[in-house]
Engineer: 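Have a look at the structure that comes next, please.
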Amino acid sequence: MRRPERSNAEVAEHAENAEVNLVTAPRETINRLCVLCALCVLCVGTSAPRRALAQAESRVLAEAGELERLGRHADAAARYRGILRTEPTSVPALLGLERVFTSLERLDSLVPLVRAALARDALNQTIHSLELRVWFALGHSDSVTAAARRWIALAPRSPDPYREWAFTVAQRGDLAGAKRALSEGASRLGDAALAQDLAQLTTLAGEWTEAARQWVAVVRGNPALLPSATGSLTRAPAVARDEMLSALLGVRGDSTSRRMAADLLAGWGRADEAWPLLDATLPQDPNAAAVLLQRFAERTVTARSRRNALVRGYALERLATLVDAAAAGRVRLQAAQAYADAGDLAAAQRMLERAGAGAEAGGAVAPAMASLIRALAEQGSAEEAERRLLAWNDRLSGDDRETLRQAVAWAWARRGELDRAEAVLAPDSGVAAAAVRGWIALYRGDLGLAREQLRAAGPYTGSREEATRRMSMLVLVERIGTDRLPEFGRAMLALARGDTMQALTDLEAAARKLSLASGRADVLGFAGEVALARRDYQAAEDLLVRALAADSVGPAAPAAELALARVQAETGRTEVAIHQLEHLILAHPQSAMVPQARRLRDRLRGVVPE
Amino acid sequence: MRRRDFLRAAVAAGAAEAAAVRAMLAAAPAASPASAAPSAAAPSLLLPMDDAQSNHLKAYGVTYRALQRGSRAEWLLNYRGGSFLLPAETATERDAALTGVTVEPTSDGDVVAVRGEIQANNMDAVPLEKAPKVAVYVPPNTAPWDDAVTMSLEYAGIEYQKIWDPEVLGGRLKDFEWLHLHHEDFTGQFSKFYLTYSGAFWLSEMVERNQETARRLGLPNVPALKKAVAREIRRFVQDGGFLFAMCTATETIEIALAGEGVDVAAPYADGTSMDPDASAKLDWSRSFAFRGVQLEQSSAIASFSDIDGHQVNNPPKRQPLGAFTLFNFSAKIDPVPTMLVQCHRQVVPDFYGLTTSFQRERLKPDVTVLADEPGAPWVKYIHGESQKGTWTYLGGHDPEDPQHQIGDPPTDLSLHANSPGYRLILNNVLFPAAKKRELKT
């Protein structure tokens, strides 16, 4: 069989051109039609033997693959070479030889076969890429360059040679070489041709500021790539971020770079800084603006701080003005939730009203209303929170009802309205409610009931911080040898309200009522820690010393000694603090305070960094 | 009650109690360091160094301070991870309690059993005579947090003194038994930091300080200064000193010693280009560990020579990290290398440094390899003798910060109290304390 001089691809291309010319130049119709027919006959005439050849090739490839899998690389190589004798441009065979020759450390044998393939199929991208890889693996960097230049000469307007050249050297760690290749391509083809490749390369190299500049160019050319760009740049380490932002924000009047800066800031949890940038550069086109606002809202959905929640509310409120009515309602509810999380109750209320969240509103509004009620309770508006809770009771989920009752109970309790707090909790019997009841009993000074309720709640409810606080209080209360101590209750309520001075006074009074055996030392020690927390070092030291005087060997003593050492350290008496810690460690070797004491001792002695 | 009334009342009520408490606290339960009475119940303390030990690093400190007090100690090579046997003195018990080091009271009968086990196995008991005087070669105003050795010495509570070029060239090395070098560049090229940190304040400050020191000591430039220091260090070792070096210091001191009279520094260091034939002119008979080394001629490449196997700052040649394996030696026949490899882990994760490892083919034939990465052409930890003294090199910057970058937060060793990598460093600190007769093997 006589093989056509051209490849089938070239033939098909020629045929396509002939067909186009047929449409546009009627005077040449017949000649061109004849050419087309002749070519089709040629294709059909040769297609049957070619199918048989292809099937045979597939069979041999499968055999070779199996031999590879069995580790018989030399045998596999023979199969691949067999294919190349009849089909020198067979890409699967060439790639197979690349694998097995690498295992056999005979990669240099592939070079003539690759060159022969390129002689027949000079524009084949895969074979050109293979040639680059082979030369690179053989350590012939000059040959890599020469091979790349040959490819460039054959396809001068194509970015592929530069791209593959860069990719090959980058994969082996030569990022500088890769950058040179891409830069050369950009200088010849224009910045846009390889902008994304350069951006990805500089990102990979950790050149974050340069990467930010590169990605701006990419996004300017194609705004839809903004998520890809910021997705790559978000991984930048914290130390690099300020410089990246300076580079982005230093370009005056460039809205693309500012939007990218805003998106990055949002991704880094700095939504409050991002919002002014985004707000100032939103596109005029409402659809485009809506896309950016929606993305900002999604990026900030896990916003932890109130400020971040607030700007999320702003973005959602703005978005609601750009979308259709049905979507606007949903968006306003999300805005209401965000505002409530941020503590801006007026804005939350405004959003709910505009969303149509009146008395008849349905369950879709419930999550937003739940956030609002929670915010009202946390801000101390117990009456308003309870009123809304009652109004929405049937429309809230069971979990929300329970947690909101606890929030409202806390709001009443902090105001000292303990009866109303208990009344709100009446329907609840779970451990979470027991925890709240335990604290309420504590505030009343009813230590017996407090012990019972806090024990029932255990560590099983609330956040880790809440559970730790609860269990610590239970330990303290269990050491106080009386069931009623109003002064202690007043102290705890004062603490809950943030009145530490009053709390210290009441704790002192409570301690005076206790005997040495009934927990005086524990209460004094606790008072000392309260004073330490508010940096009242003089009061803290006096209380802690008195606690140790009351009991220097009991279970409360190590905590008191540790707190005392902290006071001494904070007031610059480092040697005294070290001595105190050493006493704690040696006198109470089994205490759970000892590891903390050792660590503090190491820090004070300067043997570990601050 | 107003605040000041509260305070007055509290103070008045507590003053008497406070005085009593302070007196009680002053009478600490532990005895003073001067007290050294052994316990009758268990006359010895074993500091296990296997997984039973809660703080391996501070255990070296407890042993070192016992030696400082004049106590005896024994290093039980290969016994339970290289444990220490100390007399059961109150001061030692107090020290161990304060530092959280696990100790096991050991009766005479137990000690006999331990010695029997040592005798019957590849183990040995090496007496530790006295705490060595330790010097660390480091600029005077450097915090301890950027040097793995100073960090470990601080954490373990082992005293050391800092010395720098003026002290070395002033002959102060003879006051010490043990000298540590870390990431000093003895070729005088400032670790080639110009390539990546040009303009950084700390680099400018380092350059200025070194240039000023060279001027003050009458030397023409920093490479000349560092070569002079390298010569003194070699003399220190050959006169019987113990040298331990990590990171860049290992490679660059070798180049500086071999490069006597050869320009091995880039133009920014001494104003002249490196001798293009420098590699051929190096005299490796003057160095400790390496030979036949090819220097990196390009000042634009952040590498000194082909000694380093990993070439961390040379992207085309950079190698990934693996893990290195400590060799086993005969404790009775080769106590020195045995001491240096005592560890509760045989395989240790590797860690980068400006010099991470040492190409095997560059080692002199008399170098003892203490650890390597199996299958790799480089080794990690090496040791040798030079006349009366010894040297040990460990590649890498910080065993618990494998990819350390300048500006990274310092390593907090309280979080790595059982670090096998840091144990290798501290082995080198205690090794000079071993009785001299053991070192002649």
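The analysis underlying the following values was restricted to heavy atoms, covering all of them including side chains, and did not include hydrogens, waters or symmetry mates.
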Engineer: Identify whether the distance between the nearest side-chain nitrogen and carboxylate oxygen of B:Arg94 and A:Glu582 falls below 4.0 Å.
Structural biologist: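 Between A:Glu582 and B:Arg94 there is a salt bridge, with a charged N closer than 4.0 Å to a carboxylate O.
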Engineer: By side chain to side chain donor-acceptor pair (under 3.5 Å), which residues pair with B:Gln68, not counting sequence neighbours?
Structural biologist: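 So B:Gln68 forms a side chain to side chain donor-acceptor pair (under 3.5 Å) with B:Glu159.
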Engineer: Any side-chain heavy-atom pair from A:Arg601 and B:Thr99 closer than 4.5 angstrom?
Structural biologist: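 Side chain of A:Arg601 against side chain of B:Thr99, heavy atoms only: contact under 4.5 Å found.
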Engineer: Short question: side chain of A:Arg598, backbone of B:Ala97 - any donor-acceptor pair under 3.5 Å?
Structural biologist: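 It does hold such a pair.
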Engineer: OH of A:Tyr537: more than 12 outside heavy atoms within 6.0 angstrom?
Structural biologist: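 More than 12 heavy atoms, drawn from other residues, nucleotides or ligands, come within 6.0 Å of this atom.
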Engineer: May I ask you to check whether A:Arg599 and B:Ser414 show a side-chain donor-acceptor distance below 3.5 Å?
Structural biologist: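 Present: a donor and an acceptor within the cut-off.
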Engineer: Can you find a heavy atom in the side chain of A:Arg603 that is under 4.5 Å from one in the side chain of B:Asp412?
Structural biologist: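 They are not in side-chain contact.
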